[in-house]
Amino acid sequence: MPEERTPHFIEQIIEQDIASGKWGGAGDPSVVTTRFPPEPNGYLHVGHTKSICLNFGLAKKYGGRCFLRFDDTNPAREEREYIEAIQEDIRWLGFEWGGKALHASEYFGWMYELALDLIDKGGAYVCELSGEQVRETRGMPTEPGKPSPYRDREPAESRDLFERMKAGKFPDGSRTLRARIDMAHPNLNMRDPVMYRILRKSHPHVGDEWCVYPMYDWAHGLEDSKEGITHSLCTLEFENHRPLYDWFIDAINEGRGEGREEKIHHGQQIEFAKLQLTHVLLSKRNLLAMVQEGHVRGWDDPRMHTIRGMRRRGWTPRSIRAFCDEVGVTKYNSLIDFGRLENAVREHLNKAAPRRMGVLRPLKVVIENYPEGKVEMMRAVNNPEDENAGTREVPFSREFFIEREDFMEDAPKKYFRLKPGGEVRLRYAYWVTCVGFEKDESGEVTLLRCTYDPQTQGGEAPPADADGKQRKVKGTLHWVSAEHAVDAEVRLFDRLFKAEQPGKKTGDFRDDLNPDSMEVVAAKIEPGLGFEAASDEPEWDDGIRRFQLERHGYFCVDPDSTENTLVLNRTVGLRDSWARVKEH
Ligand code: ATP
Ligand code: MG
């Protein structure tokens with residue numbers, strides 16, 4: 001269990017509100033109601049995980065509720081495909097919402113009635129300026145805007161026009177409904193913002209019912225109100241929209257209550273700093289471009305920092321949650337090193353992933369004095385970090401593979417792996433000495449010849465010689481028996497972007513793409529890592545098989561695997577190689 005940390009500023013607000021009974025039932029934490037409100041216009045990315053963990057996490061912590069609500073007010077960019085995917089991704093992260101997912105579009109009728117109510121009170125009017133004219137007359141922060149010539153139109157006339165807008169009597173873009181607030185307000189969001197526009201576009205959730213669609217700023221606060229959200233958490237860029245959300249609800253509630261129509265719920269918006277990470281793109285729009293332009297193989301490409309990409313890469317939900325908890329919740333923007341997220345997954349996998357041996361770039365070795373046809377089962381430790389993980393047997397025979405880079409013909413003195421005449425330990429097997437090698441025409445080494453010392457079984461040191469001298473070896477190599485090896489296509493990944501902030505220098509993230517972000521190798525993996533999970537493998541909540549290949553990092557089985565090809569993805573290396581590179 002993680003240590004109990006001090007509550008962050010949002011938790012402090014919530015705890016005060018529970019104590020004071022601000023949202024009902026003083027001392028009753030179950031009144032806490034939050035929501036995660038994605039717009040279904042793309043797949044969720046690692047930035048969203050912060051908001052998901054925060055909103056669902058708070059509801060869990062206090063025993064309140066968190067809704068999943070699709071903020072589907074803009075049919076121009078939204079699709080059904082995303083609605084399904086978003087739900088899957090949140091569940092994979094480990095969160096549930098009671099009942100059905102909610103849709104802002106289901107409140108369109110209610111919002112429309114409220115808009116009529118606001119028109120009747122003189123709080124909104126139908127404007128006939130074009131979108132461009134509305135923008136041009138808004139003014140500058142230091143300079144007041146110009147009131148629309150339609151601003152003082154009678155409420156009855158606006159009501160009639162708005163009803164006809166809804167009935168489809170006017171062409172797209174010809175009229176808007178605008179709030180009547182203050183064209184000289186220092187906050188530009190308050191200068192008679194547009195509430196509705198005419199748009200003939202079928203909606204992915206409610207079909208062709210509507211041809212007027214609410215703008216985000218009008219809709220968002222009402223969605224929270226409808227659902228009784230007590231703490232409406234959003235990122236900092238919405239701070240200067242808050243006065244507008246408050247204005248809308250106050251304006252609606254004016255004259256309500258006390259025997260008349262009921263007031264609508266008015267929750268509290270609280271802003272927090274976005275999760276910003278180095279080396280990644282955190283924008284659905286840019287991620288879409290990555291897919292459409294073919295820089296990656298799809299939304300779930302293991303190099304993408306979409307939730308599905310991270311899932312396919314082998315990331316664990318628990319490590320993402322732990323990371324979100326560790327970075328905390330503040331009001332200050334900061335850029336977080338991607339290495340911290342990688343450390344979180346390393347930390348989890350180090351404890352939980354079984355160790356296996358695999359050779360990524362194989363070089364064959366023959367032991368000349370080992371009997372042909374003999375197979376010995378060597379006992380190997382499954383996870384030194386977890387004594388309950390036990391041991392397994394790995395077959396050893398006369399021919400096996402080692403890593404190409406573990407042999408050097410002209411080795412420097414401090415090279416402790418194999419070299420002509422040199423001796424090394426094969427992990428869990430024997431000590432072997434290189435007595436010769438073969439090369440092809442290009443000069444590449446194709447085969448090593450070795451002898452083994454039968455007295456070193458299990459990798460143990462041999463007895464001392466007659467003079468009491470103990471032979472020593474410095475290098476330990478991993479290996480895979482040639483006749484037992486499983487072939488695997490292994491995908492090794494590097495960062496998708498070379499720059500810490502992709503596109504910062506030139507304005508185009510494409511300029512920072514890393515052309516070598518994926519390398520595919522034909523590897524040899526120890527048996528038992530085939531298609532059926534071995535009985536000693538741990539069960540992962542999401543059914544994805546993960547393990548460590550000793551000396552190479554953490555890997556998972558990719559869904560591209562077929563009956564004939566095992567495909568593995570490297571989730572992360574054993575150490576933060578980027579941190580090392582930076583030090584030099
Ligand atoms: P994008 O810019 O990628 O399209 P968005 O904010 O427009 O992201 P939404 O679907 O509106 O995407 O986001 C759903 C929720 O996730 C919002 O409440 C938003 O504030 C939050 N969110 C988005 N990005 C981040 C981030 N980097 N850190 C924390 N929360 C985020
Ligand atoms: Mg958005």
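Since the model is a prediction, treat every value here as computed from it, not as a measurement. Just follow the structure's listing: the first ligand is 1, and inside any ligand the first atom is 1.
Those atoms of ligand 1 that come under 4.0 Å of a heavy atom in E39, given as number and element, are 9 (P), 10 (O). Applying the 4.0 Å criterion to heavy atoms of S283 picks out, from ligand 1, the atoms 3 (O). Every atom of ligand 1 is numbered from 1 in the order shown, and the set under 4.0 Å from a heavy atom of G47 is 25 (C), 26 (C), 27 (N), 28 (N), 29 (C), 30 (N), 31 (C).
Comparing H48, K284, R35, H45 against atom 10 (O) of ligand 1, the shortest heavy-atom distance belongs to K284.
For ligand 1, the polar-atom distance check finds no N/O of N41 at less than 3.5 Å from any of the ligand's N/O atoms. For ligand 1, one of its N or O atoms has an N or O atom of L275 under 3.5 Å away.
With hydrogens and angles ignored, the 3.5 Å screen pairs no side-chain donor or acceptor of H103 with any backbone N or O of E106.
Heavy-atom contacts from other residues, nucleotides or ligands closer than 6.0 Å to CD of E237 number more than 12. The number of heavy-atom neighbours closer than 6.0 Å to NZ of K331, taken from other residues, nucleotides and ligands shown, is above 12. Within 6.0 Å of NZ in K146 there are 12 or fewer heavy atoms belonging to other residues, nucleotides or ligands.
Not a single heavy atom of C234 sits closer than 4.0 Å to an atom of ligand 1.
With a 4.0 Å cut-off on non-hydrogen atoms, F238 does not touch ligand 1 at all.
Centroid-to-centroid, the aromatic rings of F497 and H279 stay 6.0 Å apart or farther.
Using bins of under 30°, 30° to 60° and over 60° for the plane-to-plane angle, the ring pair F56/F95 lands in the parallel bin.
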